[in-house]
Amino acid sequence: MNLSRPHEECGVFGVYNHPEASNLTYLGLYALQHRGQESCGIVSSDGNTLHAHKRMGLVADVFGNQDVFKKLPGSSAIGHVRYSTAGASVEKNVQPIMVDYSRGSIAVAHNGNLVNAQLLKAELEAYGSIFQTTMDTEIIIHLLAIARTNSLEDRIVEALNRIKGAYCLLFLTETRMIAVRDPNGFRPLCLGKIGNGWVVASESCALDLIEAEFVREIEPGEMVVCTSDGEIKSMFPFRSVEPTPCIFEFVYFARPDSYIFGKNVYLTRKELGRQLAREYKIDADVVIAVPDSGVPAAMGYAEEAGIPFELGLIRNHYVGRTFIEPAQAIRHFGVKIKLNPVREILAGKRVVVIDDSIVRGTTSRKIVKMVRQAGAKEVHMRISSPPTSYPCYYGIDTPNRKELISSSHTLEEICKYITADSLGYLSEEGLLKSVGMNNTNFCKACFAGDYPVAFPKPADLPQMGLFEEGQK
(Lines give C-alpha, C1' and ligand atoms only; values in the text may rest on other atoms or scores of the structure.)
Protein backbone atom coordinates (compact mmCIF):
# COMPACT_ATOMS: atom_id res chain seq x y z
CA MET A 1 0.00 0.00 0.00
CA ASN A 2 1.58 3.24 -1.18
CA LEU A 3 0.52 5.81 1.37
CA SER A 4 1.01 9.46 0.46
CA ARG A 5 -0.41 10.53 3.83
CA PRO A 6 -1.70 8.81 6.97
CA HIS A 7 -5.21 7.40 6.96
CA GLU A 8 -7.73 7.09 9.74
CA GLU A 9 -8.91 3.50 9.94
CA CYS A 10 -12.61 3.85 10.63
CA GLY A 11 -15.59 5.63 12.09
CA VAL A 12 -18.57 4.41 14.13
CA PHE A 13 -22.15 5.61 14.42
CA GLY A 14 -25.14 4.31 16.37
CA VAL A 15 -28.79 5.18 16.99
CA TYR A 16 -30.92 3.83 19.83
CA ASN A 17 -34.72 4.13 20.16
CA HIS A 18 -35.68 5.90 16.94
CA PRO A 19 -38.14 4.58 14.31
CA GLU A 20 -35.75 5.39 11.47
CA ALA A 21 -32.59 4.07 13.10
CA SER A 22 -31.11 2.45 9.98
CA ASN A 23 -31.78 5.45 7.74
CA LEU A 24 -30.22 7.80 10.28
CA THR A 25 -27.22 5.49 10.65
CA TYR A 26 -26.77 5.56 6.88
CA LEU A 27 -26.69 9.37 6.97
CA GLY A 28 -24.31 9.30 9.93
CA LEU A 29 -21.91 7.04 8.06
CA TYR A 30 -22.18 9.36 5.06
CA ALA A 31 -20.93 12.21 7.26
CA LEU A 32 -18.08 10.00 8.54
CA GLN A 33 -17.01 8.76 5.09
CA HIS A 34 -13.70 10.65 5.43
CA ARG A 35 -12.69 8.21 8.19
CA GLY A 36 -12.88 5.17 5.91
CA GLN A 37 -13.64 4.61 2.24
CA GLU A 38 -13.12 0.90 1.61
CA SER A 39 -16.16 -0.70 3.18
CA CYS A 40 -19.15 0.00 5.38
CA GLY A 41 -21.97 -1.77 7.15
CA ILE A 42 -25.06 -1.42 9.32
CA VAL A 43 -26.55 -3.83 11.85
CA SER A 44 -30.06 -3.08 13.14
CA SER A 45 -32.25 -4.53 15.89
CA ASP A 46 -36.03 -4.91 15.83
CA GLY A 47 -36.12 -5.90 19.49
CA ASN A 48 -35.95 -9.62 18.78
CA THR A 49 -33.39 -10.14 16.01
CA LEU A 50 -30.31 -8.46 14.59
CA HIS A 51 -30.20 -7.71 10.86
CA ALA A 52 -27.09 -6.82 8.84
CA HIS A 53 -26.09 -5.34 5.51
CA LYS A 54 -22.40 -4.70 4.82
CA ARG A 55 -20.27 -4.60 1.69
CA MET A 56 -17.07 -3.30 0.17
CA GLY A 57 -17.46 0.22 -1.23
CA LEU A 58 -18.56 3.72 -0.33
CA VAL A 59 -21.63 4.41 1.78
CA ALA A 60 -23.67 5.79 -1.14
CA ASP A 61 -22.93 2.68 -3.22
CA VAL A 62 -23.53 0.08 -0.51
CA PHE A 63 -26.77 1.69 0.71
CA GLY A 64 -27.87 3.45 -2.49
CA ASN A 65 -30.88 1.18 -2.98
CA GLN A 66 -33.86 1.99 -0.73
CA ASP A 67 -34.80 -1.70 -0.66
CA VAL A 68 -31.74 -2.29 1.53
CA PHE A 69 -33.43 -0.54 4.45
CA LYS A 70 -36.40 -2.91 4.32
CA LYS A 71 -33.90 -5.57 5.41
CA LEU A 72 -32.73 -3.39 8.32
CA PRO A 73 -35.86 -2.96 10.47
CA GLY A 74 -35.97 -1.80 14.03
CA SER A 75 -35.48 1.22 16.25
CA SER A 76 -31.77 0.68 16.96
CA ALA A 77 -28.75 0.35 14.68
CA ILE A 78 -24.96 0.69 14.63
CA GLY A 79 -22.76 1.34 11.61
CA HIS A 80 -19.13 1.42 10.60
CA VAL A 81 -16.94 2.85 7.84
CA ARG A 82 -13.56 1.23 7.36
CA TYR A 83 -10.14 1.92 5.94
CA SER A 84 -7.99 -1.20 6.06
CA THR A 85 -4.32 -1.18 7.07
CA ALA A 86 -1.72 -3.80 6.13
CA GLY A 87 -2.71 -6.43 3.57
CA ALA A 88 -5.86 -7.24 1.69
CA SER A 89 -9.16 -5.45 2.09
CA VAL A 90 -11.73 -8.25 1.95
CA GLU A 91 -15.45 -8.69 2.52
CA LYS A 92 -15.04 -10.92 5.57
CA ASN A 93 -13.43 -7.99 7.42
CA VAL A 94 -16.29 -5.56 6.88
CA GLN A 95 -17.78 -4.30 10.13
CA PRO A 96 -19.87 -4.32 12.26
CA ILE A 97 -19.11 -7.90 13.25
CA MET A 98 -22.32 -9.78 14.12
CA VAL A 99 -22.38 -13.16 15.88
CA ASP A 100 -24.74 -15.52 17.68
CA TYR A 101 -23.35 -17.15 20.79
CA SER A 102 -24.58 -18.87 23.94
CA ARG A 103 -25.87 -15.63 25.47
CA GLY A 104 -27.70 -14.34 22.37
CA SER A 105 -26.78 -12.12 19.44
CA ILE A 106 -24.35 -9.21 19.48
CA ALA A 107 -22.79 -6.84 16.95
CA VAL A 108 -19.62 -4.79 17.45
CA ALA A 109 -18.19 -1.77 15.60
CA HIS A 110 -14.66 -0.68 16.46
CA ASN A 111 -12.50 2.35 15.76
CA GLY A 112 -8.92 1.88 16.96
CA ASN A 113 -6.16 -0.68 17.19
CA LEU A 114 -5.28 -3.27 19.84
CA VAL A 115 -1.53 -3.47 20.39
CA ASN A 116 -1.64 -6.82 22.22
CA ALA A 117 -3.87 -8.48 19.62
CA GLN A 118 -1.28 -11.02 18.50
CA LEU A 119 -0.70 -12.34 22.01
CA LEU A 120 -4.42 -12.58 22.76
CA LYS A 121 -5.15 -14.28 19.46
CA ALA A 122 -2.49 -16.92 20.08
CA GLU A 123 -3.84 -17.52 23.58
CA LEU A 124 -7.44 -17.82 22.39
CA GLU A 125 -6.52 -20.18 19.57
CA ALA A 126 -4.62 -22.37 22.01
CA TYR A 127 -7.88 -22.80 23.92
CA GLY A 128 -9.84 -23.66 20.78
CA SER A 129 -11.10 -20.35 19.40
CA ILE A 130 -11.55 -20.27 15.61
CA PHE A 131 -11.27 -16.87 13.95
CA GLN A 132 -13.44 -15.99 10.95
CA THR A 133 -11.76 -12.65 10.11
CA THR A 134 -8.29 -11.14 10.28
CA MET A 135 -9.40 -8.16 12.40
CA ASP A 136 -8.27 -7.49 15.93
CA THR A 137 -11.91 -6.55 16.65
CA GLU A 138 -12.88 -10.23 16.57
CA ILE A 139 -10.70 -10.81 19.63
CA ILE A 140 -13.20 -8.74 21.64
CA ILE A 141 -16.00 -11.08 20.53
CA HIS A 142 -14.06 -14.16 21.66
CA LEU A 143 -13.23 -12.55 25.01
CA LEU A 144 -16.91 -11.75 25.52
CA ALA A 145 -17.83 -15.36 24.78
CA ILE A 146 -15.49 -16.77 27.43
CA ALA A 147 -16.19 -14.12 30.07
CA ARG A 148 -17.38 -15.64 33.34
CA THR A 149 -19.53 -12.74 34.56
CA ASN A 150 -23.28 -12.63 34.01
CA SER A 151 -24.46 -9.19 32.85
CA LEU A 152 -23.48 -7.89 29.42
CA GLU A 153 -21.90 -4.79 30.94
CA ASP A 154 -19.73 -6.91 33.23
CA ARG A 155 -18.71 -9.21 30.37
CA ILE A 156 -17.67 -6.21 28.29
CA VAL A 157 -15.63 -4.83 31.18
CA GLU A 158 -14.01 -8.23 31.77
CA ALA A 159 -13.13 -8.52 28.06
CA LEU A 160 -11.82 -4.97 27.69
CA ASN A 161 -9.65 -5.28 30.76
CA ARG A 162 -7.66 -7.86 28.77
CA ILE A 163 -6.90 -5.61 25.81
CA LYS A 164 -4.44 -2.77 25.35
CA GLY A 165 -4.51 0.03 22.83
CA ALA A 166 -7.08 2.33 21.28
CA TYR A 167 -10.78 1.64 20.95
CA CYS A 168 -14.07 3.39 20.49
CA LEU A 169 -16.64 0.60 20.51
CA LEU A 170 -20.35 0.27 19.83
CA PHE A 171 -22.12 -2.92 20.95
CA LEU A 172 -25.66 -3.74 19.82
CA THR A 173 -27.87 -6.54 21.15
CA GLU A 174 -31.56 -7.15 20.61
CA THR A 175 -32.43 -4.68 23.36
CA ARG A 176 -29.40 -2.51 24.17
CA MET A 177 -26.72 -0.32 22.68
CA ILE A 178 -23.49 0.23 24.59
CA ALA A 179 -20.70 2.68 23.75
CA VAL A 180 -17.18 2.47 25.23
CA ARG A 181 -14.13 4.71 24.85
CA ASP A 182 -10.71 3.51 25.95
CA PRO A 183 -9.17 5.03 29.12
CA ASN A 184 -6.55 6.94 27.10
CA GLY A 185 -9.24 8.46 24.88
CA PHE A 186 -7.13 8.22 21.73
CA ARG A 187 -10.05 8.63 19.31
CA PRO A 188 -13.02 11.01 19.60
CA LEU A 189 -16.53 9.79 20.45
CA CYS A 190 -19.60 11.91 21.19
CA LEU A 191 -23.14 11.48 22.46
CA GLY A 192 -26.23 13.09 20.95
CA LYS A 193 -30.00 13.15 21.36
CA ILE A 194 -32.67 12.98 18.66
CA GLY A 195 -36.28 12.98 19.81
CA ASN A 196 -36.52 10.27 22.44
CA GLY A 197 -33.52 8.45 21.01
CA TRP A 198 -29.80 8.52 21.60
CA VAL A 199 -26.98 8.84 19.06
CA VAL A 200 -23.28 7.98 19.35
CA ALA A 201 -20.79 9.09 16.69
CA SER A 202 -17.06 9.33 16.09
CA GLU A 203 -17.46 13.02 15.26
CA SER A 204 -20.07 15.68 15.92
CA CYS A 205 -20.45 16.48 12.20
CA ALA A 206 -22.48 13.26 11.92
CA LEU A 207 -24.92 14.56 14.54
CA ASP A 208 -25.34 17.81 12.60
CA LEU A 209 -26.40 16.00 9.44
CA ILE A 210 -29.32 14.23 11.13
CA GLU A 211 -30.17 17.32 13.23
CA ALA A 212 -29.42 15.58 16.49
CA GLU A 213 -28.57 17.63 19.56
CA PHE A 214 -24.95 17.43 20.66
CA VAL A 215 -25.09 16.42 24.33
CA ARG A 216 -21.42 15.91 25.22
CA GLU A 217 -18.30 13.97 24.41
CA ILE A 218 -18.06 10.47 25.85
CA GLU A 219 -15.21 10.62 28.33
CA PRO A 220 -12.04 8.49 28.20
CA GLY A 221 -12.69 5.24 30.06
CA GLU A 222 -16.46 5.75 30.04
CA MET A 223 -19.11 3.16 29.23
CA VAL A 224 -22.53 4.49 28.20
CA VAL A 225 -25.45 2.04 28.25
CA CYS A 226 -28.67 2.93 26.41
CA THR A 227 -31.61 1.12 27.98
CA SER A 228 -35.24 0.46 27.03
CA ASP A 229 -36.59 3.10 29.43
CA GLY A 230 -35.09 5.84 27.25
CA GLU A 231 -32.38 6.77 29.72
CA ILE A 232 -28.64 6.24 29.64
CA LYS A 233 -26.41 4.80 32.31
CA SER A 234 -22.83 6.05 32.57
CA MET A 235 -20.02 4.24 34.34
CA PHE A 236 -16.24 4.33 34.55
CA PRO A 237 -15.28 0.69 35.17
CA PHE A 238 -11.65 0.73 34.02
CA ARG A 239 -8.40 1.59 35.73
CA SER A 240 -7.93 5.34 35.61
CA VAL A 241 -5.04 6.69 33.52
CA GLU A 242 -4.16 10.13 32.27
CA PRO A 243 -6.00 10.61 28.95
CA THR A 244 -3.83 11.00 25.83
CA PRO A 245 -6.10 12.01 22.92
CA CYS A 246 -4.51 11.95 19.46
CA ILE A 247 -3.36 15.45 18.52
CA PHE A 248 -3.23 14.47 14.82
CA GLU A 249 -7.05 14.42 14.81
CA PHE A 250 -6.78 18.23 14.93
CA VAL A 251 -4.07 18.34 12.26
CA TYR A 252 -5.68 16.14 9.63
CA PHE A 253 -8.16 13.35 10.44
CA ALA A 254 -11.28 15.01 11.81
CA ARG A 255 -13.62 17.01 9.60
CA PRO A 256 -13.17 20.79 10.03
CA ASP A 257 -16.79 21.25 11.14
CA SER A 258 -16.45 18.72 13.97
CA TYR A 259 -16.08 19.46 17.66
CA ILE A 260 -13.59 17.05 19.23
CA PHE A 261 -11.66 16.98 22.50
CA GLY A 262 -13.41 20.18 23.54
CA LYS A 263 -12.51 22.29 20.47
CA ASN A 264 -13.71 23.12 16.97
CA VAL A 265 -11.38 21.59 14.39
CA TYR A 266 -11.60 24.37 11.79
CA LEU A 267 -10.66 27.16 14.20
CA THR A 268 -7.83 25.05 15.60
CA ARG A 269 -6.40 24.44 12.12
CA LYS A 270 -6.53 28.15 11.34
CA GLU A 271 -4.54 28.80 14.50
CA LEU A 272 -2.00 26.16 13.40
CA GLY A 273 -1.51 28.23 10.24
CA ARG A 274 -1.14 31.47 12.18
CA GLN A 275 1.48 29.95 14.44
CA LEU A 276 3.28 28.50 11.43
CA ALA A 277 3.48 32.00 9.92
CA ARG A 278 4.97 33.34 13.16
CA GLU A 279 7.62 30.63 13.11
CA TYR A 280 8.35 30.57 9.36
CA LYS A 281 7.33 33.86 7.78
CA ILE A 282 8.78 34.67 4.37
CA ASP A 283 8.37 37.32 1.69
CA ALA A 284 5.93 35.90 -0.84
CA ASP A 285 3.16 36.94 -3.21
CA VAL A 286 0.52 34.29 -2.61
CA VAL A 287 -0.40 31.52 -0.14
CA ILE A 288 -2.05 28.35 -1.47
CA ALA A 289 -3.18 25.14 0.20
CA VAL A 290 -2.92 21.48 -0.67
CA PRO A 291 -6.66 20.77 -0.56
CA ASP A 292 -8.70 19.96 1.30
CA SER A 293 -7.05 19.46 4.69
CA GLY A 294 -4.51 22.24 4.21
CA VAL A 295 -7.06 24.98 3.52
CA PRO A 296 -7.83 26.23 7.08
CA ALA A 297 -4.14 26.34 8.00
CA ALA A 298 -3.35 28.20 4.76
CA MET A 299 -6.04 30.76 5.55
CA GLY A 300 -4.57 31.28 9.01
CA TYR A 301 -1.05 31.56 7.60
CA ALA A 302 -2.15 34.14 5.02
CA GLU A 303 -3.98 36.24 7.63
CA GLU A 304 -1.02 36.26 10.00
CA ALA A 305 1.58 36.88 7.29
CA GLY A 306 -0.47 39.51 5.44
CA ILE A 307 -0.16 37.62 2.14
CA PRO A 308 -3.18 36.98 -0.13
CA PHE A 309 -4.70 33.49 0.03
CA GLU A 310 -5.77 31.94 -3.26
CA LEU A 311 -7.05 28.58 -4.47
CA GLY A 312 -3.94 27.80 -6.49
CA LEU A 313 -4.55 24.02 -6.52
CA ILE A 314 -7.97 22.71 -7.48
CA ARG A 315 -8.97 19.26 -6.31
CA ASN A 316 -10.98 16.81 -8.41
CA HIS A 317 -13.56 15.55 -5.89
CA TYR A 318 -14.71 12.71 -8.13
CA VAL A 319 -11.54 10.64 -8.13
CA GLY A 320 -11.92 7.12 -6.77
CA ARG A 321 -9.34 5.20 -4.78
CA THR A 322 -7.86 3.57 -7.91
CA PHE A 323 -7.41 4.58 -11.52
CA ILE A 324 -5.75 3.22 -14.64
CA GLU A 325 -2.65 5.05 -15.77
CA PRO A 326 -2.39 5.76 -19.51
CA ALA A 327 0.20 3.91 -21.57
CA GLN A 328 1.73 7.24 -22.56
CA ALA A 329 3.83 8.64 -19.72
CA ILE A 330 2.33 11.70 -18.04
CA ARG A 331 4.53 13.39 -15.47
CA HIS A 332 3.17 13.25 -11.91
CA PHE A 333 0.02 11.50 -13.19
CA GLY A 334 -1.15 10.25 -9.79
CA VAL A 335 -1.14 13.77 -8.30
CA LYS A 336 -2.34 15.53 -11.45
CA ILE A 337 -5.51 13.46 -11.63
CA LYS A 338 -6.39 14.68 -8.12
CA LEU A 339 -4.96 18.22 -8.20
CA ASN A 340 -4.59 20.80 -10.93
CA PRO A 341 -2.71 24.12 -10.58
CA VAL A 342 -4.25 27.44 -11.62
CA ARG A 343 -1.54 28.95 -13.80
CA GLU A 344 -3.04 32.44 -13.66
CA ILE A 345 -2.64 32.45 -9.87
CA LEU A 346 0.87 30.99 -9.77
CA ALA A 347 2.79 32.23 -12.81
CA GLY A 348 5.64 34.56 -11.90
CA LYS A 349 4.75 34.47 -8.20
CA ARG A 350 6.62 33.59 -5.02
CA VAL A 351 4.30 30.90 -3.69
CA VAL A 352 3.86 29.51 -0.16
CA VAL A 353 2.31 26.02 -0.25
CA ILE A 354 0.63 24.86 2.99
CA ASP A 355 0.08 21.17 3.73
CA ASP A 356 -0.72 19.30 6.94
CA SER A 357 2.10 16.72 6.81
CA ILE A 358 4.82 15.05 4.78
CA VAL A 359 4.95 11.25 4.96
CA ARG A 360 7.30 9.79 2.38
CA GLY A 361 7.87 13.07 0.57
CA THR A 362 6.97 11.75 -2.86
CA THR A 363 3.66 13.59 -3.09
CA SER A 364 5.14 16.86 -1.81
CA ARG A 365 7.89 16.57 -4.41
CA LYS A 366 5.32 16.17 -7.19
CA ILE A 367 3.24 19.08 -5.92
CA VAL A 368 6.25 21.42 -5.77
CA LYS A 369 7.24 20.46 -9.30
CA MET A 370 3.66 20.92 -10.49
CA VAL A 371 3.53 24.43 -9.02
CA ARG A 372 6.85 25.28 -10.69
CA GLN A 373 5.57 23.87 -13.98
CA ALA A 374 2.65 26.30 -13.68
CA GLY A 375 5.15 29.17 -13.70
CA ALA A 376 5.87 29.87 -10.03
CA LYS A 377 9.08 31.83 -9.50
CA GLU A 378 9.68 30.42 -5.99
CA VAL A 379 7.99 27.62 -4.04
CA HIS A 380 8.15 27.60 -0.24
CA MET A 381 6.62 24.58 1.51
CA ARG A 382 5.15 25.02 5.00
CA ILE A 383 3.78 22.12 7.07
CA SER A 384 1.18 22.75 9.81
CA SER A 385 2.50 19.98 12.09
CA PRO A 386 5.89 18.75 13.30
CA PRO A 387 7.78 16.12 11.25
CA THR A 388 6.06 12.71 11.29
CA SER A 389 8.98 10.47 12.28
CA TYR A 390 7.32 7.49 13.99
CA PRO A 391 4.47 5.14 13.02
CA CYS A 392 1.17 5.14 14.89
CA TYR A 393 -0.11 1.96 16.55
CA TYR A 394 -3.34 3.39 17.93
CA GLY A 395 -5.63 3.28 14.91
CA ILE A 396 -3.88 5.31 12.21
CA ASP A 397 -2.48 3.70 9.10
CA THR A 398 1.10 4.94 8.66
CA PRO A 399 4.16 3.40 6.99
CA ASN A 400 6.86 1.87 9.14
CA ARG A 401 9.57 4.18 10.43
CA LYS A 402 12.15 3.56 7.70
CA GLU A 403 9.61 4.78 5.12
CA LEU A 404 8.92 8.08 6.91
CA ILE A 405 11.25 10.61 5.31
CA SER A 406 11.69 12.75 8.45
CA SER A 407 12.94 9.75 10.46
CA SER A 408 16.16 9.60 8.46
CA HIS A 409 16.58 12.98 6.77
CA THR A 410 17.32 16.48 8.02
CA LEU A 411 15.14 19.48 7.22
CA GLU A 412 17.64 20.58 4.57
CA GLU A 413 17.71 17.12 2.98
CA ILE A 414 13.91 16.93 2.83
CA CYS A 415 13.75 20.42 1.34
CA LYS A 416 16.23 19.41 -1.33
CA TYR A 417 14.35 16.18 -2.07
CA ILE A 418 10.99 17.87 -2.56
CA THR A 419 12.80 20.58 -4.63
CA ALA A 420 11.35 23.49 -2.62
CA ASP A 421 13.15 26.81 -2.14
CA SER A 422 12.51 26.51 1.60
CA LEU A 423 10.73 24.20 4.02
CA GLY A 424 9.34 24.79 7.49
CA TYR A 425 7.49 22.51 9.90
CA LEU A 426 5.38 23.78 12.80
CA SER A 427 7.24 23.15 16.04
CA GLU A 428 5.84 20.79 18.66
CA GLU A 429 5.63 23.73 21.05
CA GLY A 430 3.76 25.72 18.41
CA LEU A 431 1.35 22.85 17.83
CA LEU A 432 0.50 22.60 21.52
CA LYS A 433 0.19 26.36 21.82
CA SER A 434 -2.19 26.47 18.86
CA VAL A 435 -4.41 23.72 20.24
CA GLY A 436 -4.41 25.64 23.50
CA MET A 437 -5.44 22.90 25.92
CA ASN A 438 -2.77 23.30 28.55
CA ASN A 439 -4.13 20.62 30.88
CA THR A 440 -4.28 17.91 28.21
CA ASN A 441 -1.47 15.43 27.69
CA PHE A 442 -1.95 14.68 23.99
CA CYS A 443 -0.54 11.62 22.28
CA LYS A 444 2.31 12.92 20.10
CA ALA A 445 3.93 9.55 19.40
CA CYS A 446 4.04 10.13 15.64
CA PHE A 447 6.25 13.16 16.23
CA ALA A 448 8.35 12.17 19.25
CA GLY A 449 8.11 8.36 19.48
CA ASP A 450 6.81 8.56 23.05
CA TYR A 451 4.06 5.90 23.05
CA PRO A 452 1.56 6.23 25.95
CA VAL A 453 0.55 2.53 25.89
CA ALA A 454 3.46 0.10 25.98
CA PHE A 455 3.76 -2.71 23.45
CA PRO A 456 4.09 -6.35 24.45
CA LYS A 457 6.80 -6.79 21.80
CA PRO A 458 9.11 -4.55 19.78
CA ALA A 459 7.17 -2.28 17.47
CA ASP A 460 9.17 -2.92 14.32
CA LEU A 461 6.39 -3.82 11.89
CA PRO A 462 3.67 -1.65 10.34
CA GLN A 463 0.64 -1.66 12.65
CA MET A 464 2.32 -4.45 14.67
CA GLY A 465 1.89 -6.77 11.65
CA LEU A 466 -1.54 -7.70 12.93
CA PHE A 467 -2.71 -11.05 11.58
CA GLU A 468 -0.56 -10.56 8.44
CA GLU A 469 -3.54 -10.32 6.10
CA GLY A 470 -4.97 -7.08 7.41
CA GLN A 471 -7.35 -5.73 9.98
CA LYS A 472 -10.02 -3.07 10.33
Side-chain angles (χ1 to χ4, degrees), residues 1-9 35 83-87 112-113 115 165-166 186-187 244 246-254 272 276 279-280 290 293-294 297 332 334-335 338 353-369 381-420 422-432 442-455 457-466 468 470-472:
M1 186 177 294
N2 183 23
L3 293 173
S4 60
R5 60 177 65 239
H7 290 271
E8 172 61 75
E9 282 187 21
R35 298 187 80 91
Y83 178 92
S84 68
T85 58
N113 194 61
V115 299
F186 285 108
R187 305 283 145 233
T244 55
C246 171
I247 202 164
F248 215 81
E249 290 278 355
F250 281 123
V251 174
Y252 172 65
F253 297 120
L272 296 180
L276 185 60
E279 295 182 10
Y280 284 98
V290 177
S293 56
H332 319 313
V335 171
K338 298 176 183 178
V353 181
I354 307 293
D355 203 357
D356 55 79
S357 59
I358 296 178
V359 180
R360 289 188 171 95
T362 52
T363 298
S364 298
R365 178 184 173 96
K366 291 173 182 177
I367 288 171
V368 170
K369 290 188 173 183
M381 182 69 83
R382 297 292 181 267
I383 306 300
S384 60
S385 67
T388 304
S389 302
Y390 297 85
C392 174
Y393 298 112
Y394 305 127
I396 304 301
D397 190 15
T398 51
N400 59 35
R401 188 160 189 241
K402 66 182 180 182
E403 296 177 275
L404 295 167
I405 190 169
S406 62
S407 69
S408 57
H409 293 75
T410 65
L411 182 71
E412 293 74 20
E413 289 171 337
I414 299 172
C415 183
K416 182 178 180 180
Y417 174 76
I418 67 174
T419 72
S422 70
L423 170 64
Y425 287 90
L426 183 63
S427 66
E428 188 174 319
E429 296 76 14
L431 174 63
L432 294 172
F442 285 100
C443 177
K444 307 178 292 295
C446 54
F447 307 134
D450 183 14
Y451 295 98
V453 176
F455 305 122
K457 60 179 290 186
D460 57 355
L461 296 175
Q463 295 294 313
M464 305 298 291
L466 277 176
E468 298 180 356
Q471 51 179 20
K472 291 180 301 306

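Reckoned from all heavy atoms, side chains included, excluding hydrogens, waters and symmetry mates. Please read these numbers as outputs of a predicted model, since none were measured by experiment.
Judged as a side chain to side chain contact (heavy atoms under 4.5 Å, CB included), and not counting sequence neighbours, the contacts of Y390 are R401, Y451. For F447, the ring-ring contact (aromatic ring centres under 6.0 Å, His included) partners at least two apart in sequence or on another chain are F248. By the side-chain hydrogen bond (donor to acceptor under 3.5 Å, both in side chains) test, E279 is found to be paired with Q275, S427, residues two or more places apart in sequence or in another chain being considered. Every side-chain hydrogen bond (donor to acceptor under 3.5 Å, both in side chains) that S422 has, sequence neighbours left out, goes to H380, R382. With sequence neighbours excluded, the residues satisfying ring-ring contact (aromatic ring centres under 6.0 Å, His included) with F250 are F261. Remark: S385 pairs with no residue by the side-chain hydrogen bond (donor to acceptor under 3.5 Å, both in side chains) rule, at least two apart or across chains. Listed by chain and number, the residues in a side chain to side chain contact (heavy atoms under 4.5 Å, CB included) with A166 are D182, F186, Y394 (sequence neighbours excluded). Scanning for side-chain hydrogen bond (donor to acceptor under 3.5 Å, both in side chains) contacts around S364 gives an empty result, with sequence neighbours left out.
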Derivation of the side chain to side chain contact (heavy atoms under 4.5 Å, CB included) call for R187 and C246: CA-CA 6 Å; R187 305 283 145 233; C246 171; 3.2 Å; yes
Verdict with supporting geometry, D355 and T363, side chain to side chain contact (heavy atoms under 4.5 Å, CB included): CA-CA 11 Å; D355 203 357; T363 298; 5.9 Å; no
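Of the possible polar contacts, one joining the R365 side chain to the Y417 backbone as a donor-acceptor pair under 3.5 Å is found. Checked by atom type and distance alone, the side chain of N113 pairs as donor or acceptor with a backbone atom of Y393 at under 3.5 Å.
Note that CD1 of I358 and CD1 of I414 are 6.5 Å apart. Values are rounded to the nearest 0.5 Å.
In this structure the side chain of I383 never reaches within 4.5 angstrom of the side chain of D356, judged on heavy atoms.
Pairing each heavy atom of V115 with each of V453, the nearest pair is CG2-CG1, 4.2 Å.
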